[in-house]
Colleague: 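Before we start, here is the structure in question, set down as structure tokens.
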Amino acid sequence: MKKVIWWAVFTSLQGLDALEIVIDRGNDNPIPIAVVPFASSNSAGDISGVISFDLIRSGQFSPIEKENMLSYPSQPEDVYFRDWRILGMEYLLIGRHLSRVDGGITVTYRLFDVSAEREVKSGEITAPRDRMRDIAHRIADDVYEEITGIRGAFSTRILYVLVENIGTSYARYKLEMADSDGERPRTLFETSEPLLSPSWSPDGRRIAYVSFETGRPAIVIQELESNVRQRLPSYPGLNSAPAFSPDGRELAMVLSRDGNPEIYTMEIATPARRPRRVTRHLSAIDTEPGWTPDGKSLIFTSDRGGRPQIYRVDLRTSLTERLTYQGDYNARARLLPDGRHLVYVHRREGIYHIAWQDLETDEDPRILTETSLDESPSLAPNGTMLIYATQDQGRGILAVVSIDGQVKYKLPSSAGDVREPSWSPYLDTLSATRGF
Amino acid sequence: MRQVRRYNVALWVVGALILVGCASQQEPEPAAQPAAPVDVVPVQSQPVQSESVQAEPESTDFDSRSRPLTPSGRILATKFYFELDQARLSARDLRLLEMHANILTRNRDRRLVIEGHCDERGTREYNLALGERRGNAVSSFLTSAGVRRSQIEMVSYGEERPDDPGHDESAWSKNRRAVVIYR
């Protein structure tokens, strides 16, 4: 087993952010690629570093450091494939920025297959000048998809809850949104009362979360573009665990208005909203609903068998089946986009890990994380990685692990406890305006 | 290459130091809270006042700071602790809650907020539900002892409001609790 440790440092306008990436891979070798610094007609920042860093984080690429490059081509006529073959590169990415009179910027890029000595992909992206990072993530997505055949998920965002002064009477709870690499964090809502369970609508335009801002839990839907917040009518007891259906028309949630936590679904597009009860189990906790990709069933956590386990209920027939049998604590499950694989929180010998399970075989669940108190797994839209919350030196942090368990990295935060990450769906980050 | 790496590590260390610096500046002052939970066990068992003998609200039920008092005038415990994953009240807690029930039946204008809490282990939403189960254990005991449902309000905070922000068994055992607050 080969262990590669990358230390990467980026200085940004906000300050200094450090990200430690530990990539742990088996026999599989990451693909060597050269991301040449992009030529620039002005002082606009070079985005090749952002692209390289995205590719590193996927665990599937090992970009060469620019100090080791023999030349810095920015257009096809300057490319000498021999220079890159000597360095053992399989792919080469070059590009340039051009300032526009309207204040925007145009970035062109070209991706070459070094051994075939040909261009395999090219593109041109125009955007306002403050969208350089969005452009970089878009190019990383294109490169990733061209080479691996899997759609890239770098142009995505993560939601999470940041808590300052926890355990004191002046705790602050902040709902944050950042780029998928943890950069450009911004606060969407802030209160002195607990916030939890943020999740995305499938179109990425709205989010739902639980807020105790009134002293009681309520589900809030917030539009990202306008920041308009709408509190759903709340019932006595729990109002929690919101999850948008794949078509965005319904919200699954947990209410305990009948005396016991049960799963409900509610149409959110229609004005007369009335929750429809899905589970009926008077003595059990039923919670943490998640949708199957076809929107026809929900998976959820229930302790109806005595201990928390994962179940699936068909919304039309109400037929319910238990999905997990290993261990005495399995909770907060999410399905991969293929609908066949499940990730969830699994307790083994008192330690809480993230586990992965194939629903179509009888194999034991596979533990993906070696940290402890791991929770809140949330999948990247392409299903290759998941982000989760864990603890590092007594502080809540976020970490990412690939679905094959081989790539792992942490996203440390500079202050407070960070928890409850939620990875966005695919986003059109270049056309969206405010809020992105 | 090697040099570049070392440079990066050095930068990272500088970054870490800056971050540590920031963190320590924001270190909260220790919260002003009672160091230990007030656990008062009745010295001698008091006859339980029955509903029919219901008298005037007794001024001796609360102290000057509106804290509930035992019949012998000591401050009555308002926090009740639970085992991991459990929502069962101990026999001693039930004796203490009986005194709360007596106070509340004598003082029908008083309302009680019951908070349910968990330790940080396990998932947040499951803990929200488990905290409610703990709050319900307190609430249903009180109503069975004569307290009106309208006097009680219950809210579960799950693991979101720890009493002790630590990450060991000593902190966890303080955080698995139900708290009764008089209004």
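Because the structure is predicted, anything quoted here is derived from the model rather than measured. The chains referred to below are lettered A, B, ... by the order of the sequence lines, with proteins before strands, and numbering in each begins at 1.
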Colleague: Find out whether Leu196(A) and Leu128(B) are in side-chain contact, i.e. whether some heavy atom of one side chain is under 4.5 Å from a heavy atom of the other.
Modeller: yes
Colleague: Please report the shortest heavy-atom distance between Glu125(B) and Ala241(A), naming the atom on each side.
Modeller: OE2-N, 2.8 Å
Colleague: Considering all heavy atoms of both residues, which atom of Ser256(A) and which atom of Glu132(B) are nearest to each other, and what is their separation?
Modeller: OG-OE2, 2.6 Å
Colleague: Can you say whether Thr301(A) sits under 4.5 Å from chain B via the side chain, the backbone, both, or neither, judging by heavy atoms?
Modeller: side chain
Colleague: Within this structure, what is the CG-OH distance for the pair Leu84(B) and Tyr329(A), rounded to the nearest 0.5 Å?
Modeller: 9.0 Å
Colleague: Would you say the side-chain atoms of Glu160(B) pair up with the backbone N or O of Pro194(A), donor to acceptor, closer than 3.5 Å?
Modeller: no
Colleague: How close do Pro217(A) and Val155(B) get, heavy atom to heavy atom, and via which atoms?
Modeller: CD-CG2, 4.1 Å
Colleague: Please name all residues satisfying side-chain contact (heavy atoms from CB on, under 4.5 Å) with Ser234(A), sequence neighbours left out, ordered by chain then number.
Modeller: Ala218(A), Asn239(A)
Colleague: Is Ser283(A) in contact with chain B via its backbone, its side chain, both, or neither, using a 4.5 Å heavy-atom distance?
Modeller: backbone
Colleague: Count the heavy atoms belonging to other residues, nucleotides or ligands that lie under 6.0 Å from CD of Glu169(B), then report whether that count exceeds 12.
Modeller: yes
Colleague: Report which part of Val161(A) has an atom under 4.5 Å of a heavy atom belonging to chain B: side chain, backbone, both, or neither.
Modeller: neither
Colleague: For Asn136(B), is it the side chain, the backbone, both or neither that has a heavy atom under 4.5 Å from a heavy atom of chain A?
Modeller: side chain
Colleague: Suppose we screen for side-chain hydrogen bond (donor to acceptor under 3.5 Å, both in side chains). Which residues come up paired with His353(A), at least two apart in sequence or across chains?
Modeller: none
Colleague: What I want to find out is whether Arg124(B) reaches Glu375(A) closely enough, with some N-O distance under 4.0 Å, to be called a salt bridge.
Modeller: yes
Colleague: Calculate, to the nearest 0.5 Å, the distance between atoms CG and CG belonging to Asp303(A) and Asp85(B) respectively.
Modeller: 9.5 Å
Colleague: Nearest 0.5 Å, what's the OH-OG1 distance between Tyr352(A) and Thr123(B)?
Modeller: 9.0 Å
Colleague: Pick whichever of Ala389(A), Gly215(A), Ser197(A), Gly259(A) has the most heavy-atom pairs under 4.5 Å with chain B.
Modeller: Ser197(A)
Colleague: Kindly compute the distance separating CD1 (Ile166(A)) from CZ (Arg161(B)), expressed to the nearest 0.5 Å.
Modeller: 10.0 Å
Colleague: If only atom types and distance count, is the side chain of Glu288(A) paired as donor or acceptor with the main-chain N or O of Tyr126(B) below 3.5 Å?
Modeller: yes
Colleague: Please determine, among Pro162(B), Gly122(B), Gly166(B), Gly135(B), the option with the most heavy-atom pairs under 4.5 Å with chain A.
Modeller: Gly122(B)
Colleague: Quick one: does Arg121(B)'s side chain get under 4.5 Å of Arg347(A)'s, heavy atoms only?
Modeller: no
Colleague: Grab the two heavy atoms, one from Leu130(B) and one from Ile285(A), that are nearest each other, plus how far apart they are.
Modeller: N-CD1, 3.7 Å
Colleague: Show the nearest heavy-atom pair for residues Gly394(A) and His167(B), with the distance to one decimal.
Modeller: O-NE2, 2.5 Å
Colleague: So for Glu193(A), is it side chain, backbone, both, or neither that comes closer than 4.5 Å to the heavy atoms of chain B?
Modeller: both
Colleague: Under 4.5 Å heavy-atom distance to chain A, tell me which part of Glu115(B) shows up: side chain, backbone, both or neither.
Modeller: neither
Colleague: List the atom of Leu238(A), the atom of Ser156(B), and the distance in Å for their closest heavy-atom pair.
Modeller: CD2-CB, 4.2 Å
